[in-house]
2 protein chains.
Amino acid sequence: MSKRPTQADVARSAGVSATTVSLVLNGRTGTRISDDAARRVRVAAETLGYSPDPTALSLRTGRTKTLGFVSDGVTVTRYASAMIRGVLDAAESKGQSVMMAEVDDHPDRWERAIVDLSDRKVDAIVVGLMVARTIELPPMPSGVSTVIVNGLSGGLPSVLPDEFAAGRAAAEYVIRAGHRRIAFIGRSERMLDPVVSATVGRRYQGIDRAMADAGLHFTTTCDLPEWEPGPAREAAMSVLGSPSRPTAILAANDRVAFGVYQAAADLGLTIAQDVSVMSFDDEALADYLRPGLTTMRLPYRDMGMAGVREALNPGNDLLELPMPLVERGSVAPPRG
Amino acid sequence: MSKRPTQADVARSAGVSATTVSLVLNGRTGTRISDDAARRVRVAAETLGYSPDPTALSLRTGRTKTLGFVSDGVTVTRYASAMIRGVLDAAESKGQSVMMAEVDDHPDRWERAIVDLSDRKVDAIVVGLMVARTIELPPMPSGVSTVIVNGLSGGLPSVLPDEFAAGRAAAEYVIRAGHRRIAFIGRSERMLDPVVSATVGRRYQGIDRAMADAGLHFTTTCDLPEWEPGPAREAAMSVLGSPSRPTAILAANDRVAFGVYQAAADLGLTIAQDVSVMSFDDEALADYLRPGLTTMRLPYRDMGMAGVREALNPGNDLLELPMPLVERGSVAPPRG
DNA sequence: TTGTCATGCTAAATCGATTTAGCAGAACGG
DNA sequence: CCGTTCTGCTAAATCGATTTAGCATGACAA
């Protein structure tokens with residue numbers, strides 16, 4: 001029936017008052033506690049296995065050592081885990097626990113989640129989007145620092161992938177491998193709407209910059225209604241089926257690249273050997289494919305970590321994180 | 001500078017004591033409060049927008065309306081989101097918030113996570129494993145109801161997929177489609193260790209039962225070192241390359257099935273038409289493949305929901321949830 | 001001897017709720 | 001007219017910490 005020891009228990013056992021225990025254990029300076037008393041308190045705390053009750057602490061101090069993470073799991077949950085992981089890891093290293101909420105696109109679920117978190121007095125809020133886009137958020141509780149990860153919203157500090165650099169690096173990588181005849185599958189106009197994507201425009205700009213710097217133009221550029229394997233496969237069939245087919249394809253993302261793989265298989269072409277493929281995102285899929293898909297990784301985990309750091313320790317209004325190039329073998333020098 | 005209204009504010013505004021406010025708002029029966037006073041309290045609470053402070057409530061009542069979710073994100077995070085989603089949805093519907101922790105396989109990270117959660121006085125704990133297996137957990141805090149989802153541990157109540165039924169249903173589905181020459185790729189002995197998998201044995205038993213009931217034997221059964229596309233592809237090459245190749249393949253999971261797809265492509269065979277494939281898990285991958293992969297879905301979301309329900313409302317020691325058959329087109333009647 | 005100042009500590013208020021015990025007045029019975 | 005019971009409400013304790021204000025005691029100077 002032994003309950004958890006309280007500060008009062010420690011005080012009793014050390015022969016001092018609760019006040020003294022609090023002062024000693026919080027290491028307050030300038031408090032004129034004798035070394036002897038301090039020692040007794042520490043010993044008592046140690047032997048009793050005392051640790052302060054978080055709920056009492058929250059009530060008194062108004063802070064909870066907890067941060068809220070709200071995400072929009074709706075459309076795509078595929079990426080969630082890496083971001084959550086980053087959030088949890090960073091939080092743990094800062095001694096914070098994480099309270100999670102997931103919302104769909106109903107504005108009042110956002111509102112409810114955020115009100116609930118601020119009711120519970122979380123120390124900071126991280127809003128995480130699975131797909132980088134611009135959203136409207138309900139007014140944030142004042143006094144709670146809030147960061148949006150993988151998205152933009154009003155004046156909130158943001159953490160985003162550095163898509164311009166990634167687009168540029170991807171194109172440069174293919175060019176440097178020796179390719180001159182390159183097609184781009186998945187340049188979709190509708191993605192340029194910031195509500196649909198906050199970053200794709202930057203990706204395109206980076207790609208365009210690299211191509212321009214090399215004095216090249218894409219042999220073909222296809223729009224796609226969706227960045228999914230089905231439409232991508234069809235587009236790739238026509239691109240790769242033409243007599244003057246490109247030696248490399250830049251795919252808008254991994255699922256598009258997967259469609260390209262399927263089209264190549266249908267046409268009896270071997271990836272890397274007959275046609276190189278370079279892509280974006282680094283989904284699990286990219287690692288399953290043979291040859292493995294070379295792609296620019298969306299740094300979900302890093303973004304989660306950065307979001308937590310920024311929320312606890314505000315400073316930057318925009319943090320752009322590098323997207324590492326993951327080399328797997330789908331890009332090789334052109335034949336001939 | 002308006003702070004959130006407290007119970008005392010409501011009391012003042014209604015011209016009653018804090019006690020009365022508490023009694024009225026908690027709807028205590030047998031408390032002899034006049035209808036008039038009750039009404040005044042409710043009106044005041046409403047106009048002030050009062051809601052009780054969760055931290056104060058926790059301190060006083062010892063309950064937090066929060067549940068802890070601890071998962072082992074280590075090896076595979078692919079599935080995490082569906083389970084988390086289930087947990088969050090069920091929790092929300094019960095008015096609970098969720099505090100998350102993720103741990104790797106270090107026993108003391110488990111310990112730390114669990115101590116932290118019980119320090120914070122969560123009302124219940126759900127332990128979620130990404131891959132069904134048997135683990136040792138540190139002793140759980142007494143008085144906190146705990147459930148393990150997708151795993152087994154000591155005497156803890158468990159939520160598991162009903163793998164026996166799924167194995168049986170999978171095999172029956174293929175048999176009922178008319179197949180008689182069926183191979184099984186991925187019958188791995190090492191998976192039978194309960195520490196590696198808590199459920200695969202049941203899956204095999206279900207499959208065996210269905211085969212036996214139909215009076216059939218597998219034409220080939222391959223062990224695999226890993227259930228990954230690479231090894232599976234090789235195994236499938238030899239199975240499908242033989243002159244007396246089977247008309248259907250039962251794959252141990254979707255990644256194995258993907259290896260089979262690749263082998264079929266290499267051999268110029270068309271899935272469904274030339275060889276049917278049936279699988280387990282229903283990863284995102286299963287939906288990308290063409291034709292879509294018919295597979296028995298691991299009900300991660302349902303398991304997450306059930307885990308929460310069981311934790312808040314203990315009753316069963318073992319809950320086996322059905323694995324739905326997801327038909328996508330990779331199984332067709334054999335030709336000829 | 002008395003006043004002043006450190007020193008070393010503690011009593012009590014506070015955070016915002018719940019809950020126990022009990023007060024004041026009305027109604028009722030004898 | 002007095003005692004009992006019921007009605008309608010509240011004061012105060014409590015949960016477990018932090019923090020402010022201040023009480024003893026001893027040392028020292030005048």
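Numbered from 1 within each chain, the chains take letters A, B, ... in sequence-line order.
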Taking only residues two or more places apart in sequence or in another chain, which ones pass side-chain hydrogen bond (donor to acceptor under 3.5 Å, both in side chains) with B/Asp193?
-> none
Give B/Ala37 one of three labels, base, sugar-phosphate or nothing, depending on what nucleic acid heavy atoms sit under 4.0 Å from its own.
-> sugar-phosphate
NA contact type, A/Thr19, heavy-atom cut-off 4.0 Å: base, sugar-phosphate, or nothing?
-> base
What is the distance from CZ of A/Arg32 to P of D/dC23, rounded to the nearest Å?
-> 14 Å
Identify whether any heavy atom of B/Ser22 sits under 4.0 Å from a base atom; if not, whether one sits that close to sugar-phosphate; answer base, sugar-phosphate or nothing.
-> base
Please list all pairs passing the side chain to side chain donor-acceptor pair (under 3.5 Å) test where one or both residues lie in residues 136-162 of chain A, with sequence neighbours left out.
-> none
With A/Pro107, which residues qualify under side chain to side chain contact (heavy atoms under 4.5 Å, CB included), at least two apart?
-> none
Which nucleotide of DNA chain C is the first, and which the last, in the 5' to 3' direction, to come under 4.0 Å of a heavy atom belonging to chain A?
-> C/dT7 to C/dG16
Can we say A/Asp72 and A/Arg133 salt-bridge, meaning some charged N sits less than 4.0 Å from an Asp/Glu carboxylate O?
-> yes
Of A/Gln7 and B/Asp35, whose closest DNA chain D nucleotide lies nearer the 5' terminus?
-> B/Asp35
Could you pull out all residues at least two apart from B/Glu163 that satisfy side-chain hydrogen bond (donor to acceptor under 3.5 Å, both in side chains)?
-> B/Arg203
Quick one: side-chain hydrogen bond (donor to acceptor under 3.5 Å, both in side chains) partners of B/Ser22, sequence neighbours excluded?
-> B/Asn26
Reckon A/Arg63 touches a base, only the sugar-phosphate, or nothing at all at heavy-atom distances under 4.0 Å?
-> nothing
5′-ward residue of the pair A/Ile33/B/Leu23 relative to DNA chain C | A/Ile33
Residues forming a ring-ring contact (aromatic ring centres under 6.0 Å, His included) with B/Tyr300, sequence neighbours excluded = B/Tyr79
Residues 303-320 of chain A, side-chain donor-acceptor partners within the protein, below 3.5 Å, at least two apart:
from, atom 1, to, atom 2, distance (Å)
A/Glu310, OE1, A/Gly315, N, 3.4
A/Glu310, OE1, A/Asn316, N, 3.1

Sugar-phosphate only, base, or nothing, as touched by B/Thr6 at under 4.0 Å among non-hydrogen atoms | sugar-phosphate
Residues that B/Asp119 engages under side-chain hydrogen bond (donor to acceptor under 3.5 Å, both in side chains), provided they are two or more places apart | A/Arg4
Ion pair B/Arg112/B/Asp116, N-O distance below 4.0 Å | no
Name every residue in residues 51-61 of chain A that has at least one heavy atom under 4.0 Å from any atom of DNA chain C, in order of residue number, or write none if there are no such residues.
-> A/Leu59, A/Arg60
Inter-axis angle, terminal five-pair segments of the helix from C/dT1-D/dA30 to C/dG30-D/dC1 [nearest 10°] = 80°
Could I get the full list of side chain to side chain contact (heavy atoms under 4.5 Å, CB included) partners for B/Asp35, not counting sequence neighbours?
-> none
